[in-house]
Number of protein chains: 2
Amino acid sequence: MARDIQERIKRLIIDGRLPSGASLPTEPELMELLGVSRNSVREALKALQAMGIVEIRHGFGTYVGPMSMAPMIEGLTFRTVAGHYRGEDSLLQLLELREAVETGLIARLAGRVPEADLAELDGIVARMRTEAAAGGVRAETDRAFHATLHRGLENLLLSEVLEAFWDAFHRVRTDLVAAHADPETTVRQHEEILAAVRDGDGPRAERAVRDHFDNIRHRLRSSGER
Amino acid sequence: MARDIQERIKRLIIDGRLPSGASLPTEPELMELLGVSRNSVREALKALQAMGIVEIRHGFGTYVGPMSMAPMIEGLTFRTVAGHYRGEDSLLQLLELREAVETGLIARLAGRVPEADLAELDGIVARMRTEAAAGGVRAETDRAFHATLHRGLENLLLSEVLEAFWDAFHRVRTDLVAAHADPETTVRQHEEILAAVRDGDGPRAERAVRDHFDNIRHRLRSSGER
DNA sequence: TAGCTCAGTTGGTTAGAGCAGCTGACTCTT
DNA sequence: AAGAGTCAGCTGCTCTAACCAACTGAGCTA
């Protein structure tokens, strides 16, 4: 069965302790190794590719994938878009998910972010201010702020999951919702979060993050849907 | 290109506002509709299946998938197992992720869980106590506790993500780590969480959840790895 | 020596045939 | 007439075989 083929390829990776980027057998080799046709091999690889477990490069070979959260972004985005079109508040649910994780983490981060990261965050907020004056904060800048902030947790999985949530949210929002936040407010809220974290004031940081999300949520609700 | 086929099938679902369970065109129909060979159609469907976007039933047809977080569990599990075998602390990172989300949510839950759910939680804890006396708490019981607790958030996405994390964690733990928690302590900690939530005491609930995770983490560390 | 070309390897796509699981209508029995 | 068993048909599943397209690297040319 197809399921079985996928499992066996996974075992190749696990048992071989293969790191990301290691090369896997070619399709003909897998055919012989697993005793199935090329077609079945390819379908299994396609499924594994969709899960980020393998990476396929045309004309080059098949490799162990980065095992990032990228496939999750894809799935989350689709789920959210589909739900949105069916009249569910899927985008709000996604925002709530982000809020839950980020507020849960900020207290732990307060006062524990390395000086180097704080300096970088200063730079990002400064850039944000410039962009706000020029019309609007670029999404990439907001993303950088959150990514840099969470780097201090030294938990790659956590960082990636948060980035995945951020990504899915922004992808859906830009696709479906017209309104953007007031740039000035956005900048001020990020400044407040940064200041609170720097001071090591957990409760204040938590409040700041919550305010930030309240702001986004409010805009989302008031802007209506297209 | 294969990517393109996937996108077009997704559009069929989105543009058609198709709900989960709706039937999709058959493979021959998709061939004609998209102008590609059967093989390409199948590979695209396999990838979409891996993402939970479609569901394929042999001899019956292809349907819009449940869009659950099940594929994420798969991916997370594999990532964690692979990382573990390569000597990373991936299982601890996964636990930390769960802890972050659950501690972030518990304060919001305190005092807001419906009476019906509280009653159900009482039942689950009682069952836990019985099982603890009989040797050990079943994983399913622990899962039910957390699932019921988070039901009160009325955010399906959130519930599913948490369940996905729980699932991945337990699957990896039972596969890789021998030691199990002291049943008595486990029961007591769940009782404390429930009591704090019932009293609406946010900080106490947060402390209780943190203690619970500390306990799991401690066992994980001390038990060593196989 | 530097650059180009081309052959070989690898994945991508197509085609056609037959296998396997499920449904629903038909038929036979009671 | 009602029920159970059967079978034709649809569905997805697997295989074989051939050719296309992208990339690499060795060999040739200038």
Side-chain angles (χ1 to χ4, degrees), chain A residues 1-13 16 18-68 70-71 74-75 78, chain B residues 1-13 16 18-68 70-71 74-75 78:
Chain A
M1 201 181 273
R3 194 82 188 161
D4 184 52
I5 301 176
Q6 289 182 36
E7 288 305 320
R8 287 206 272 167
I9 296 177
K10 282 195 203 171
R11 289 296 273 270
L12 282 182
I13 300 175
L18 301 181
S20 290
S23 77
L24 260 50
T26 65
E27 290 181 359
E29 285 169 343
L30 282 173
M31 280 174 62
E32 190 171 359
L33 191 63
L34 306 175
V36 294
S37 80
R38 182 154 176 223
N39 226 324
S40 302
V41 167
R42 283 185 53 75
E43 286 184 10
L45 287 177
K46 274 283 172 184
L48 292 175
Q49 183 187 37
M51 293 188 272
I53 291 176
V54 307
E55 191 180 342
I56 304 175
R57 278 187 269 174
H58 188 174
F60 195 35
T62 306
Y63 299 83
V64 177
M67 299 187 205
S68 71
E74 200 81 14
F78 185 81
Chain B
M1 201 183 268
R3 192 84 186 160
D4 183 53
I5 301 176
Q6 288 181 38
E7 288 306 320
R8 287 206 273 166
I9 296 177
K10 281 194 202 171
R11 289 296 274 273
L12 282 182
I13 300 175
L18 300 181
S20 290
S23 77
L24 260 50
T26 66
E27 289 181 359
E29 284 169 345
L30 282 173
M31 281 174 62
E32 190 171 358
L33 190 64
L34 306 175
V36 294
S37 80
R38 180 131 185 233
N39 226 323
S40 301
V41 168
R42 284 186 54 74
E43 286 183 9
L45 287 176
K46 275 282 173 185
L48 292 176
Q49 183 188 36
M51 293 188 273
I53 292 176
V54 307
E55 190 180 342
I56 304 175
R57 276 187 270 173
H58 187 174
F60 196 34
T62 306
Y63 299 83
V64 177
M67 299 186 204
S68 71
E74 201 80 13
F78 185 82

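Hydrogens, waters and symmetry mates play no part in the numbers below; they use all other heavy atoms, side chains included. A note on names: the letters A, B, ... follow the listed sequences, proteins ahead of strands, and every chain is numbered from 1. In this text the structure is predicted, and so the values were computed from the model without any measurement.
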Atom pair distance, as rounded to whole Å: [atom1] in [X] and [atom2] in [N]:
X	N	atom1	atom2	value
A:Glu29	C:dG11	CD	C1'	13 Å
A:Tyr63	D:dC23	OH	P	12 Å
B:Glu55	D:dC13	CD	C1'	17 Å
A:Gln6	D:dC13	CD	P	12 Å
A:Leu24	C:dG11	CG	P	10 Å
A:Met31	D:dA18	CE	P	13 Å
A:Ile5	D:dC15	CD1	C1'	11 Å
B:Arg3	C:dG11	CZ	C1'	17 Å

When you measure from the side chain of [X], which nucleotide among [options] comes out closest?
X	options	answer
B:Arg38	C:dT13, C:dA17, C:dT14	C:dA17
A:Ser37	C:dC22, D:dC15, C:dT13	D:dC15
A:Arg42	C:dT14, C:dG12, D:dC15	C:dG12
A:His58	C:dG12, D:dG12, C:dT23	C:dG12
A:Glu27	C:dG11, D:dT14, D:dC13	C:dG11
A:Ala2	C:dT14, D:dT14, D:dG12	D:dT14

**Q.** Sub-4.5 Å side-chain heavy-atom contact between A:Leu24 and A:Leu30
**A.**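 A:Leu24 vs A:Leu30: side chains apart.
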Q) Would a 4.5 Å heavy-atom cut-off, applied to side chains only, mark B:Ile53 and B:Gln6 as touching? A) no
Q.
Once rounded to the nearest 0.5 Å, what's the spacing between atom CG of B:Leu18 and atom CG of B:Leu12?
A. 7.5 Å
Q: Under 4.0 Å between any heavy atoms, over every strand shown, what does A:Arg57 touch: base, sugar-phosphate, or nothing? Just pick one.
A: sugar-phosphate
Q.
Base of C:dT14, side chain of B:Asn39 - is there a donor-acceptor contact under 3.5 Å?
A. yes
Q) Just by distance, do the side chain of B:Ser20 and the backbone of B:Gly65 share a donor-acceptor pair under 3.5 Å? A)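 Yes; at least one donor-acceptor contact below 3.5 Å.
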Q. Is a salt bridge present between B:Glu7 and B:Lys10, judged by a nitrogen-to-oxygen distance below 4.0 Å?
A. yes
Q: Compare side-chain N and O positions of B:Thr62 against OP1 and OP2 of D:dG12 and report whether any pair is under 4.0 Å apart.
A: yes
Q) Looking only at side-chain N and O atoms, does A:Ser40 come under 4.0 Å of OP1 or OP2 in D:dC15? A) yes
